[in-house]
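Structure record follows, encoded as structure tokens.
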Amino acid sequence: RSDGPAVVFEAYAEFKKIHVAPDALTLDILANACTLTGLSSRAYEYLEEGVKANVQFDERLCTAFLRVANAALVSVADKKAQDSPEYKIALLLEHGVWEVVRTRGIKMGHDLYNVLLSLHGRMGHMDRVQEIVTMMNEAGVKPNIRTYTSLIGALGYASLMQEVYEVYTRVRDGPLRSHMDDVFVRQVMRTLQGGGRQDLAQMVAQTTRQDAETAVAAAAAATARASRDATPDPQPTPKEEEHTKQKPRKEYRPDYSGRSTNAFETYKHILDKLDTPSPA
């Protein structure tokens with residue numbers, strides 16, 4: 001519903017009037033409503049109220065508040081405009097979430113790392129992006145396909161188009177190749193086209209088309225193979241069985257009738273050898 005976020009804000013205001021403290025679920029709903037409306041300043045107020053109420057924060061809730069800042073920056077024409085209100089609120093939200101993570105000892109996973117990469121990329125903090133990648137490596141959190149999607153977006157905001165293509169190539173040639181999806185490919189294409197590198201975008205489109213054709217051919221071959229393996233061999237009809245049934249072979253014995261005894265005696269030893277089986 002289009003009026004859903006407004007109803008959420010009104011309901012929370014009524015809770016506050018009767019002194020009902022928010023919990024983690026309440027804050028998660030409020031953060032999502034702020035993401036839909038772009039009200040990042042209100043999200044920061046909710047974050048502070050949650051900290052004061054000693055709400056049990058986790059990675060999911062921290063990620064929800066950072067997504068508010070990320071979504072708010074999308075509406076800014078110049079993503080690096082540090083004078084915009086959205087930029088300043090994004091800094092406050094990022095700092096507030098980091099304080100929660102640090103003081104509450106929250107274990108960071110892919111969701112939180114990925115949204116941080118995207119957020120700092122939009123803010124033009126490439127040094128911070130590199131720090132986050134280093135933090136992931138030190139924490140033993142291996143990048144997933146969403147990590148590379150966020151990283152490509154960050155590189156795009158810094159106009160590092162050649163690096164965008166190199167990251168795409170690394171993913172395509174690495175163990176995450178099977179995890180490449182439309183979201184990842186669209187991010188690569190959109191970033192390269194927006195950065196004026198139509199040549200690189202065409203190369204990505206060509207390799208994507210080749211990969212799709214190869215995947216379709218492999219799937220068709222696998223389906224045919226599975227169908228062939230699952231189909232039993234056709235059984236012969238009774239008429240075919242009768243036709244192919246082997247008849248007993250008649251043992252060959254030479255007929256020496258009518259031949260002279262002397263001729264028979266002359267060649268008998270040769271015939272005996274022919275009748276004798278060869279040694280194994």
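Since the model is a prediction, treat every value here as computed from it, not as a measurement.
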Could you tell me the separation between the [atom1] atom of [X] and the [atom2] atom of [Y], rounded to the nearest 0.5 Å?
{"X": "L39", "Y": "L30", "atom1": "CG", "atom2": "CG", "result": "11.5 Å"}
{"X": "R67", "Y": "T35", "atom1": "CZ", "atom2": "OG1", "result": "8.5 Å"}
{"X": "T147", "Y": "L116", "atom1": "OG1", "atom2": "CG", "result": "11.0 Å"}
{"X": "K88", "Y": "L93", "atom1": "NZ", "atom2": "CG", "result": "15.0 Å"}
{"X": "I152", "Y": "M189", "atom1": "CD1", "atom2": "CE", "result": "12.0 Å"}
{"X": "C62", "Y": "I106", "atom1": "SG", "atom2": "CD1", "result": "3.5 Å"}

Test item: [X] and [Y] side chains (from C-beta on) under 4.5 Å apart, heavy atoms:
{"X": "H95", "Y": "L91", "answer": "no"}
{"X": "E49", "Y": "K16", "answer": "yes"}
{"X": "Q162", "Y": "E166", "answer": "yes"}
{"X": "H179", "Y": "N144", "answer": "no"}
{"X": "L192", "Y": "Y168", "answer": "no"}
{"X": "R122", "Y": "N70", "answer": "yes"}

I need the minimum non-hydrogen distance between [X] and [Y], along with the two atoms involved.
{"X": "A53", "Y": "P22", "result": "CB-CD, 4.2 Å"}
{"X": "Y157", "Y": "G121", "result": "CB-O, 3.3 Å"}
{"X": "V164", "Y": "G156", "result": "CG2-N, 4.0 Å"}
{"X": "M161", "Y": "L200", "result": "O-CD1, 3.9 Å"}
{"X": "R172", "Y": "M180", "result": "CA-SD, 3.7 Å"}
{"X": "H120", "Y": "E94", "result": "NE2-OE2, 3.0 Å"}

Selection [range] - residue pairs positive for salt bridge (charged side-chain N to carboxylate O under 4.0 Å, His left out), sequence neighbours left out:
{"range": "residues 96-113", "result": "E99-R102"}
{"range": "residues 131-159", "result": "R128-E131, R146-D181"}
{"range": "residues 190-209", "result": "R197-D199"}

Donor-acceptor under 3.5 Å ([X] side chain, [Y] main chain):
{"X": "S150", "Y": "N114", "answer": "yes"}
{"X": "D28", "Y": "A24", "answer": "no"}
{"X": "E59", "Y": "L112", "answer": "yes"}

Tell me whether [X] shares a hydrophobic cluster with [Y], the cluster being built from Ile, Leu, Val, Met, Phe, Trp, Tyr side chains joined at under 4.5 Å.
{"X": "V185", "Y": "V216", "value": "no"}
{"X": "L47", "Y": "W98", "value": "yes"}
{"X": "L25", "Y": "L36", "value": "no"}
{"X": "M135", "Y": "V97", "value": "yes"}

Q.
Checking Y12 now: which residues fulfil ring-ring contact (aromatic ring centres under 6.0 Å, His included) with it, not counting sequence neighbours?
A. Y46

**Q.** Sequence-distant partners of Y113, ring-ring contact (aromatic ring centres under 6.0 Å, His included), two or more places apart
**A.** none

(Q) I'd like to know whether CD of Q210 has more than 12 heavy-atom contacts from other residues, nucleotides or ligands below 6.0 angstrom. (A) yes

(Q) Between K17 and E14, does any side-chain N to carboxylate O distance fall below 4.0 Å? (A) yes

(Q) Regarding T208 and D211, do their side chains bring together a donor and an acceptor under 3.5 Å, going by distance alone? (A) no

Q) Looking at N32, V51, V55, which hits side chain to side chain contact (heavy atoms under 4.5 Å, CB included) with L27? A)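 Exactly one pass, corresponding to V55.
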
Q) Where does the angle between the aromatic ring planes of F57 and F65 fall among parallel (under 30°), tilted (30 to 60°) and perpendicular (over 60°)? A)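 Plane angle between 30° and 60°, so tilted.
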
Q. Among all residues two or more places apart in sequence or in another chain, which pass the side-chain hydrogen bond (donor to acceptor under 3.5 Å, both in side chains) test with H110?
A. none

